[in-house]
Amino acid sequence: MKVVVGLSGGVDSSVAAYLLKKAGHEVTGLFMINWHETTGTLSGSCPWEEDLLIAQLVAHRLDIPVHSIDLSEPYRERVVDYMFREYRQGRTPNPDVLCNREIKFDLFMKVAENLGGEMVATGHYCRKEMFEKDGMPVYRLLAGVDSAKDQSYFLCQLSQQQLSRSLFPLGDLFKSDVRRIAGEQRLPTAQKKDSQGICFVGKVNLPLFLQQKLEPKQGSIVEIPADSDLYLRQTARDIRRIINNGTFEMLSTPYSYEPQMGRAVGEHNGAHFFTIGQRKGLNVGGMKEPLFVIATDVKTNIVYVGQGQDHPGLYRRGLFIKKKDIHWVRPDVAVADPRPLSCCVRIRYRQPLQQANIFFVPEGAHCIFERKQRGITSGQYAAWYTGDELVGSGVID
RNA sequence: UGUCCCGUGGUGUAACUGGCAACACGUCGGAUUUUGGUUCCGAAGAGUCCAGGUUCGAGCCCUGGCGGGACAA
């Protein structure tokens, strides 16, 4: 089969390419350029020229052809602009999820198709399975075997269409296997440090990066006491009653704060630069315990903080996803009726799966966790699984 | 105006009856991490408001200033 593999210049994609070649496929490497600018990036980090060179070395070593494609323009339009738009609204976007949906598994896929590729492969740690239902193929997106590296979360917005043409050669491997294979095959990336930070843009200094487009605006930091009566303690019975009444909003709506609920403890230079759960960068000292951001209000430009790891403002029982933001990787199992979906959910990469019930209502979905969750942040993705299969996801409201 | 209290790294506090200043937060650096964030490790940073005095030795005692606060009227 003709397979185009996305080579990034890292170990994972190199080994993915090797495995495909070894399995007898006709493999072509494709390197994608997503970003040119260096403003805001940390000095000397992730210059794509170097990565391209490494990708070429890998291709040479594997004796496969390699091409490169500049997708920086659409990347800017579909990922970077979205990022700024979200931050401006006081939300915290997840660019990598978008990058996969919009770039790697869309534009990149089309380019691969033009190169004659029947399938596209990436170095993601996840698995895919196919079975037939009513004579039609159905694809399942499964967690990678290496639970510490499982990257299915980042693919939570993929469609059946996209999945049908994807291959994940690393899904059954552990990271250590990948390193070992790379070493055995003398791939130039065998020792290369894993990349991190926003995909393909490299390691950026986010505050600096954001300041290119978002104006600084001085505002105050308000501390909300942990014993504020805003935080009513809910017993298991209260929760059950709320669920029975169908008043899920009581659990899935963010806390809303007013300045007079607390006291000003400092100043910041723009509420849109902060995200819930953040500790560093507040520049307020003298507290017994560290301060964490518990909410931001870009309208009034106020950052609300709470003291200590266990501040109640940091935890919430549930989250809401608007109807338009609900995505089913498996539309065939989509739940429409009000019967709750009992499943496991994660709200960030590498988070252990959390038991939850999702209640689908006409306006959207209320996800109610068995245990309170820390740092539920609007703009981030919640992905729900049954077993080790990712079946759906959505943007947290 | 009278009495009382306080004045320690960027911030908030600590240092028993005097023995070369501790902790937390913040800041900076590193590790972890294909989002943000979290977490972990490490470092820098004050010679204790100022001027005198007592003492072998003072952040801690004494005197006088300066600064802030409280009570008093």
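Just so it is clear: chains get the letters A, B, ... in the order the sequence lines come, proteins before strands, and each one is counted from 1.
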Enquirer: Send over the distance from A:Q351 CD to B:U34 P, rounded to a whole Å.
Expert: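 Between P of B:U34 and CD of A:Q351: 15 Å.
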
Enquirer: Round to the nearest Å and state the distance from A:Y315 atom OH to B:U38 atom C1'.
Expert: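 Nearest whole value for this atom pair: 10 Å.
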
Enquirer: What nucleic acid atoms does A:G281 come within less than 4.0 Å of, heavy atoms only: base, sugar-phosphate, or nothing?
Expert: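 It contacts sugar-phosphate atoms only.
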
Enquirer: Of all residues at least two apart in sequence or in a different chain, which pass the side-chain hydrogen bond (donor to acceptor under 3.5 Å, both in side chains) check with A:K110?
Expert: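 Counting only residues at least two positions away or on another chain, A:K110 forms a side-chain hydrogen bond (donor to acceptor under 3.5 Å, both in side chains) with A:D106.
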
Enquirer: List the atom pairs, donor and acceptor, that lie under 3.5 Å between side-chain atoms in residues 359-371 of chain A and the rest of the protein, sequence neighbours left out.
Expert:
unit_1, atom_1, unit_2, atom_2, d
A:H366, ND1, A:S252, OG, 2.8

Enquirer: Of all the nucleotides listed (B:G26, B:G37, B:U35), which has the minimum atom distance to the side chain of A:P290?
Expert: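 For A:P290, the side-chain atoms sit closest to B:G26.
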
Enquirer: Checking one residue: A:L57. Which other hydrophobic residues are in its cluster under the side-chain 4.5 Å linking rule?
Expert: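 Members alongside A:L57: none; it stands by itself.
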
Enquirer: Under 4.0 Å between a side-chain N/O of A:K193 and OP1 or OP2 of B:U34, yes or no?
Expert: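 A:K193 to B:U34 OP1/OP2: no side-chain N or O under 4.0 Å.
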
Enquirer: Measuring to OP1 and OP2 of B:G36, would you say a side-chain N or O of A:Y87 lies under 4.0 angstrom away?
Expert: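 Looking at the OP1 and OP2 atoms of B:G36, neither is under 4.0 Å from any side-chain N or O of A:Y87.
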
Enquirer: Charged N to carboxylate O below 4.0 Å: is that the case for A:D146 and A:K175?
Expert: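 A:K175 and A:D146: not salt-bridged.
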
Enquirer: Among residues 160-185 of chain A, which contact RNA chain B at a heavy-atom distance under 4.0 Å?
Expert: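 None, since no heavy atom is under 4.0 Å.
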
Enquirer: Go through the N and O atoms of the side chain of A:T377 and the base of B:G36, and report whether any donor-acceptor pair is under 3.5 Å.
Expert: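 Such a pair is found, so the answer is yes.
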
Enquirer: Pick the nucleotide of RNA chain B nearest each of A:V284 and A:Y349; which residue has the one closer to the 5' end?
Expert: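 Upstream on the strand: A:V284.
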
Enquirer: Name all pairs fulfilling the salt bridge (Lys or Arg N to Asp or Glu O under 4.0 Å) condition that reach into residues 275-290 of chain A, sequence neighbours left out, sorted by first residue then second.
Expert: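 Every pair satisfying salt bridge (Lys or Arg N to Asp or Glu O under 4.0 Å) with a residue in residues 275-290 of chain A: there are none.
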
Enquirer: Kindly say whether, by distance alone, the side chain of A:Q380 makes a donor-acceptor pair under 3.5 Å with the base of B:U35?
Expert: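 Side chain to base: pair found, below 3.5 Å.
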
Enquirer: What's A:L282 touching, base or sugar-phosphate or nothing? Going by heavy atoms closer than 4.0 Å.
Expert: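 Sugar-phosphate contact only.
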
Enquirer: Across nucleotides 40-47 of chain B, 5' to 3', mark each nucleotide with B, S or - according to how protein heavy atoms within less than 4.0 Å reach it.
Expert: --------

Enquirer: Tell me, please, which residues at least two apart from A:Q351 pass side-chain hydrogen bond (donor to acceptor under 3.5 Å, both in side chains).
Expert: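 Only A:Q373 meet the side-chain hydrogen bond (donor to acceptor under 3.5 Å, both in side chains) criterion with A:Q351.
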
Enquirer: Does A:H124 have any side-chain hydrogen bond (donor to acceptor under 3.5 Å, both in side chains) partners at least two apart in sequence or in another chain, and if so, which?
Expert: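 Expected list: A:T122.
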
Enquirer: Hey, what else clusters with A:V222 if you join Ile, Leu, Val, Met, Phe, Trp, Tyr whenever side-chain heavy atoms sit under 4.5 Å?
Expert: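 Result for A:V222 is A:I224, A:L230, A:Y231, A:Y255, A:Y257, A:M261, A:F292, A:I294, A:I302, A:Y304, A:L314, A:Y315.
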
Enquirer: Do the charged groups of A:R101 and A:D96 touch, with an N to O distance under 4.0 Å?
Expert: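 No salt bridge links A:R101 with A:D96.
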
